[in-house]
Trainee: 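I am attaching a structure below and will ask some questions about it afterwards.
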Number of protein chains: 2
Amino acid sequence: MNEQLLNRVLRQAEALCARRGARLTPQRRRVLELVCRAERPIGAYELLDQVRDGGKAAPPTVYRALDFLLEQGLIHKLETLHAFIGCTHPDHPHSSQFLICADCGKVTELEDAALLGSLHSAAAESGFSPQRPVIEVIGTCARCAHKPDRPAD
Amino acid sequence: MNEQLLNRVLRQAEALCARRGARLTPQRRRVLELVCRAERPIGAYELLDQVRDGGKAAPPTVYRALDFLLEQGLIHKLETLHAFIGCTHPDHPHSSQFLICADCGKVTELEDAALLGSLHSAAAESGFSPQRPVIEVIGTCARCAHKPDRPAD
DNA sequence: ACCAGGAATGTAACGATATAACAGCCCCAA
DNA sequence: TTGGGGCTGTTATATCGTTACATTCCTGGT
Ligand SMILES: [Zn+2]
Ligand SMILES: [Zn+2]
Ligand SMILES: [Zn+2]
Ligand SMILES: [Zn+2]
């Protein structure tokens, strides 16, 4: 996430939390910023290292911040990677899908209505009521597909 | 999985492995049977307890069997639960979807072509080549939706 | 039958991810 | 001012998964 987008996201986060009466404390804001600055999904313990930064901090510090940010929809958790990414459009609640490149590790967040529709149709046939769809697709991104070969294998 | 289906699955597993030159050893067959007998997704350490059954066994024993069974498509892993279920139709390779009831824990395996189609379309728009789609839907199953209330909350 | 050599298993230790439980702090509201 | 709820600190522990290396088993070539 570039600097400009990051600033926008942080401002949106503050506005959203204010509107909702949720407290985006410095600790939480710090974790949000770290997640968003990471070019790739980032793990909780990796975050912990950065939060410590010489000082002291324990897992609950980071996990509690992550829980808050997840509740507010400011970040997403990638179940297949046990890692987190910042949401680029937290302004509205959404159920999104993730394209995860197994080669370069980059993740693209989609919000595909047709895909969600298919999912709801399929669930409905079984009388099932979806509450939290988890859709994560491991594959190869366009950039990596164009690479002629793995350069440094 | 009922006894009849279990027996069919075990026979299919033997046939498949034989055809592929893969060795469905007693250990692996045992783990497959334990996974299939479980009414719900079962975790690796839970399996380990049952594999031990008084004797001795260590995590790699179970994880290696699980790896083999996953490779052969005889079981599936549920990423959101860190648990495993037996595949009810291992005769052909497939990418399936899972409906996970948050109330009773039951899991339904789907193989919905339309849903997969939507997924591929959505991915294609981003130039992304899917290799392993992970689709797990947390929600409420038909049975649990009909319950008037949580009986013992 | 014999003997590699690879596949499968046993065993001990460790690493990574996540939560429980309880204590102290801060801020606002009654 | 005095709770009380929300946030944070701290320690320990639970849960999930892997590494590394020794041993055993099976198989295929001779
Ligand atoms: Zn998002
Ligand atoms: Zn890539
Ligand atoms: Zn299946
Ligand atoms: Zn249910």
Side-chain angles (χ1 to χ4, degrees), chain A residues 13-14 17-18 20-35 38 40-72 74-85 105 134 136, chain B residues 13-14 17-18 20-35 38 40-72 74-85 100 105 134 136 138:
Chain A
E14 277 166 8
C17 288
R20 293 170 184 163
R23 292 167 57 188
L24 185 64
T25 64
Q27 186 93 256
R28 291 165 172 172
R29 192 192 148 102
R30 175 126 182 263
V31 170
L32 174 58
E33 186 171 340
L34 288 171
V35 172
R40 308 262 175 275
I42 185 169
Y45 278 71
E46 206 177 337
L47 276 168
L48 181 54
D49 286 341
Q50 296 186 227
V51 165
R52 276 202 267 252
D53 190 31
K56 74 250 150 157
T61 297
V62 151
Y63 278 104
R64 287 194 281 231
L66 289 171
D67 285 346
F68 173 86
L69 297 171
L70 285 169
E71 274 168 22
Q72 300 301 322
L74 299 171
I75 63 174
H76 298 292
K77 173 168 189 177
L78 295 168
E79 299 285 349
T80 53
L81 300 180
H82 306 289
F84 303 83
I85 59 170
V134 172
E136 300 177 12
Chain B
E14 277 166 9
C17 288
R20 293 171 183 163
R23 294 164 59 186
L24 185 64
T25 63
Q27 186 94 255
R28 290 164 172 174
R29 192 192 147 100
R30 175 126 183 264
V31 170
L32 174 57
E33 188 172 339
L34 288 172
V35 172
R40 309 261 175 275
I42 185 170
Y45 275 68
E46 207 176 336
L47 275 168
L48 182 54
D49 286 341
Q50 297 186 226
V51 166
R52 277 201 267 251
D53 190 31
K56 74 247 152 158
T61 298
V62 151
Y63 279 104
R64 286 194 281 231
L66 290 171
D67 286 346
F68 173 86
L69 298 171
L70 286 170
E71 274 168 21
Q72 299 301 323
L74 299 170
I75 63 173
H76 298 291
K77 172 166 189 178
L78 295 169
E79 299 286 348
T80 52
L81 300 180
H82 306 288
F84 304 84
I85 60 170
I100 303 170
V134 172
E136 301 178 13
I138 322 290

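In what follows, every chain begins at residue 1, and chains take the letters A, B, ... in the order their sequences are listed.
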Trainee: Heavy-atom distance under 4.5 Å between the side chains of A:E33 and A:Q50, does that happen here?
Mentor: no

Trainee: Kindly compute the distance separating OG1 (A:T61) from CG (A:L47), expressed to the nearest 0.5 Å.
Mentor: 12.0 Å

Trainee: Across nucleotides 16-30 of chain C, 5' to 3', mark each nucleotide with B, S or - according to how protein heavy atoms within less than 4.0 Å reach it.
Mentor: -BBBBB---------

Trainee: Which distance, rounded to the nearest 0.5 Å, do you find between the CZ of B:R28 and the CD1 of B:I75?
Mentor: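 If I round to the nearest 0.5 Å, the distance is 11.5 Å.
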
Trainee: Can you sort out the partners of B:A44 under side chain to side chain contact (heavy atoms under 4.5 Å, CB included), two or more places apart, ordered by chain and number?
Mentor: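 Result, side chain to side chain contact (heavy atoms under 4.5 Å, CB included) vs B:A44: B:V62, B:Y63, B:L66, B:F84.
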
Trainee: List for me each residue that meets salt bridge (charged side-chain N to carboxylate O under 4.0 Å, His left out) alongside B:E136, sequence neighbours excluded, and say none if there are none.
Mentor: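 With sequence neighbours excluded, B:E136 shows a salt bridge (charged side-chain N to carboxylate O under 4.0 Å, His left out) to no residue whatsoever.
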
Trainee: Rounding to a whole Å, what distance do you find between A:E71:CD and D:dC7:C1'?
Mentor: 13 Å

Trainee: Please name all residues satisfying side chain to side chain contact (heavy atoms under 4.5 Å, CB included) with A:R40, sequence neighbours left out, ordered by chain then number.
Mentor: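 Testing A:R40 for side chain to side chain contact (heavy atoms under 4.5 Å, CB included), a comparison that skips the adjacent residues, returns A:K106.
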
Trainee: Rounded to whole Å, how long is the line connecting atom CD of B:Q27 with atom C1' of C:dG10?
Mentor: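 My rounded result for the distance is 10 Å.
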
Trainee: How long is the straight-line distance from CG of A:L34 back to CG of A:L48, given to the nearest 0.5 Å?
Mentor: 11.0 Å

Trainee: Give me each pair satisfying salt bridge (charged side-chain N to carboxylate O under 4.0 Å, His left out) with a member in residues 42-57 of chain A, each pair once, sequence neighbours excluded.
Mentor: A:D49-A:R52

Trainee: At under 4.0 Å, does any side-chain N or O of A:T61 touch on OP1 or OP2 of D:dT8?
Mentor: no

Trainee: For B:Q27, what residues pass the side chain to side chain donor-acceptor pair (under 3.5 Å) criterion, not counting sequence neighbours?
Mentor: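 Residues passing side chain to side chain donor-acceptor pair (under 3.5 Å) with B:Q27: none at all.
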
Trainee: Do B:V134 and A:E79 make a side-chain contact, defined as non-hydrogen atoms from C-beta onward lying under 4.5 Å apart?
Mentor: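 Side-chain contact under 4.5 Å: no.
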
Trainee: Atom CG of A:L24 to atom P of D:dC7: distance rounded to whole Å?
Mentor: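 Going from CG in A:L24 over to P in D:dC7 covers 11 Å.
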
Trainee: Between the two ends of the helix from C:dA1-D:dT30 to C:dA30-D:dT1, what is the bend in degrees, rounded to 10 degrees, where each end axis spans five pairs?
Mentor: 30°

Trainee: Nearest whole Å is fine: how far is D:dC26 P from B:R28 CZ?
Mentor: 13 Å

Trainee: Please state how far atom CZ in A:R30 lies from atom C1' in D:dC7, giving the value in whole angstrom units.
Mentor: 16 Å

Trainee: Hey, what are the protein-to-nucleotides 22-24 of chain D N/O distances that come in under 3.5 Å?
Mentor:
none

Trainee: Quick check on D:dT8: is either OP1 or OP2 less than 4.0 Å from any side-chain nitrogen or oxygen of A:T25?
Mentor: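 Checking D:dT8 against A:T25, a side-chain N or O does come within under 4.0 Å of OP1 or OP2.
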
Trainee: Return the value, rounded to whole Å, for the distance between atom CG of B:L47 and atom P of D:dT15.
Mentor: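 Roughly 15 Å, once rounded to whole Å.
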
Trainee: Please report, rounded to the nearest Å, how far the P atom of D:dG9 is from the NZ atom of A:K56.
Mentor: 8 Å

Trainee: What residues, two or more places apart in sequence or in another chain, satisfy side chain to side chain contact (heavy atoms under 4.5 Å, CB included) together with B:Q72?
Mentor: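 Only B:C17, B:R20, B:A22, B:F68, B:L74 meet the side chain to side chain contact (heavy atoms under 4.5 Å, CB included) criterion with B:Q72.
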
